[in-house]
Amino acid sequence: MSENLTLTIAQPDDWHVHFRQGAIMAQVVPHTAARFARAMVMPNLSPPIVTVAQARNYRAEIMATLPADAKFNPLMSLYLTDHTTRQQVTEAAAAQHIVGYKLYPAASTTNSARGVTRVSNIMPVLEGMAEHRLVLQVHAEVSDPEVDIFDREAVFIEQILAPLHREIPDLKIIVEHVTTAQGVQFVQQTGDQVAATITAHHLMFNRNEMFRGGLRPHAYCLPVLKRESHRLALRKAAASGSRAFFAGTDSAPHTRQSKQRDYGCAGIYSAHAAMELYVEVFESMQALEKLEGFASHHGADFYGLARNAGKLTLQKKPWRAPPSYRFGRQHEIIPLCAGQPIAWSIAGRDC
Ligand code: DOR
Ligand code: ZN
């Protein structure tokens, strides 16, 4: 009976998430903590998280949104700038809970104004990261407005990431939220120092979703949804069992007001149903047996961290995502699949 179908896997981790700060953070963190044992918290706040002290304070703010006995471990990423120093890298490597640096090409996405203007300017810092085994998490898109937005990932990989990998082959690199067949191929063709995270929404939708029945700001994220052939390449990679691909939701909450306006923000909020949607995707690919590796093992292995000992049980029992999550006095987040049925539920955790 399909209603009784359950799936128990090692507790998963979300290797790419945005929590923000303040009231919106208090709204979203419990969704992630209810599903994942750990999460890799992105540092693109305003101002960005660039120092160990800032990361420590931010982590404490995150933990303060949860009950004191919550079993959730946020892992922190620092924001690379043109001014990051080797000394800072050494300090980051020694700090508990900091496992990587996020490379935002300047002007590529939300709060990337202080990102890196030329990767060639920060080579000594990247060499320091390789020495210390810190992971480079890359927003792999060029920000050149002359380049077609659908080509920005492929161009970045060809012009910047592939040469960087050849130059520093020991540097662990993650192509964050990979969206293209070219990105998948790059990861597959390089050795085990290069991996990629894949979001649920890029596995579920192609670019038509942004225009289905009218312009849909809540389906707009960066890297932008791509054509169907790319979605199929991502699905094949996720279901392949390759250790180079793992879950990273890129859950990126913005208020309804900041998405539905001239110059709406990029970001899809998926933390409320992240594992439920991943399992639905794997079921649709007849690859349920590959979910545990993708969601619970490959990321920890790549980062050189222990796999989680706890378990998460999912059940094929439908529920309906709310049309919005209201918080504060007048704000709301419109989640992925707002108001729509979701086939799987969280049935329990043992951690
Ligand atoms: O859609 C996105 N939202 N892509 C990013 O790269 C950043 C993120 C955010 O922080 O809103
Ligand atoms: Zn992100």
Side-chain angles (χ1 to χ4, degrees), residues 13-22 24-25 27-29 31-32 36 39-50 58 62 74-80 99-116 135-143 149-150 152-153 156-157 161 173-180 183 195-205 207 209-210 216-226 234 246-261 263-271 274 299 331 333-336:
D13 300 309
D14 182 350
W15 292 105
H16 185 129
V17 71
H18 299 267
F19 282 156
R20 319 298 188 203
Q21 279 178 297
I24 195 166
M25 171 171 74
Q27 169 61 45
V28 302
V29 171
H31 285 161
T32 297
F36 298 99
M40 180 60 57
V41 183
M42 291 296 125
N44 62 330
L45 304 183
S46 181
I49 302 294
V50 297
Y58 184 31
I62 293 164
L75 300 170
M76 310 307 286
S77 167
L78 297 183
Y79 186 109
L80 271 176
V99 295
Y101 266 94
K102 180 73 185 278
L103 168 60
Y104 286 104
S108 57
T109 186
T110 308
N111 292 339
S112 60
R114 288 183 53 194
V116 172
V135 172
L136 179 68
Q137 303 147 339
V138 186
H139 184 106
E141 288 191 290
V142 292
S143 52
I149 193 164
F150 293 100
R152 287 180 192 174
E153 182 173 293
F156 185 93
I157 287 169
L161 213 47
I173 296 175
I174 299 179
V175 181
E176 296 292 343
H177 40 57
V178 66
T179 63
T180 59
T197 53
I198 310 182
T199 76
H201 49 273
H202 288 102
L203 293 168
M204 292 167 67
F205 300 113
R207 62 192 187 178
E209 182 63 14
M210 286 184 291
R216 290 181 177 248
H218 302 288
Y220 169 56
C221 63
L222 287 171
V224 70
L225 294 168
K226 303 293 191 302
L234 301 180
F246 41 89
T249 62
D250 198 20
S251 178
H254 292 277
T255 61
R256 177 207 273 276
Q257 293 88 335
S258 56
K259 288 190 67 70
Q260 296 181 200
R261 65 180 187 200
Y263 308 106
C265 295
I268 291 178
Y269 182 67
S270 61
H331 292 304
I333 299 165
I334 309 299
L336 181 59

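This is a predicted model, so every value here is computed, not measured. Counting starts at 1 for both ligands and their atoms, in listed order.
Which parts of ligand 1 touch Ala252 is read off a 4.0 Å heavy-atom cut-off, strictly below it: atoms 3 (N), 8 (C), 9 (C), 11 (O). Atoms of ligand 1 found under 4.0 Å from any heavy atom of His139 (numbered from 1 in listed order, with element): 6 (O).
For ligand 1, the polar-atom distance check against Arg20 finds a nitrogen or oxygen pair separated by under 3.5 Å. By the 3.5 Å distance cut-off applied to N or O atoms, Ile268 is not counted among the residues near ligand 1. The shortest N or O to N or O distance between Ala266 and ligand 1 is under 3.5 Å.
When the Zn ion (ligand 2) is compared with the N/O/S atoms of Asp250, atom OD1 turns out nearest.
Val41 pairs with exactly one of Leu75, Ile62, Val29 by the side chain to side chain contact (heavy atoms under 4.5 Å, CB included) rule, that one being Ile62.
Heavy-atom distances between Glu176 and ligand 1 stay at or above 4.0 Å for every pair.
At least one N, O or S atom of His18, from either the backbone or the side chain, sits less than 2.8 Å from the Zn ion (ligand 2). Among the backbone and side-chain atoms of Glu176, no N/O/S atom is found under 2.8 Å from the Zn ion (ligand 2). Taking backbone and side-chain atoms together, His16 has an N/O/S atom less than 2.8 Å away from the Zn ion (ligand 2).
Separation of the Tyr79 and Tyr101 ring centroids does not fall under the 6.0 Å cut-off. A ring-centre distance under 6.0 Å is found for His177 and His16.
At a cut-off of 3.5 Å, with distance as the only test, no side-chain donor of Asn44 or Thr110 sits close to an acceptor on the other residue.
Remark: among candidates Leu45, Leu222, Asn44, Val224, the nearest residue to atom 1 (O) of ligand 1 is Leu222, based on non-hydrogen atoms.
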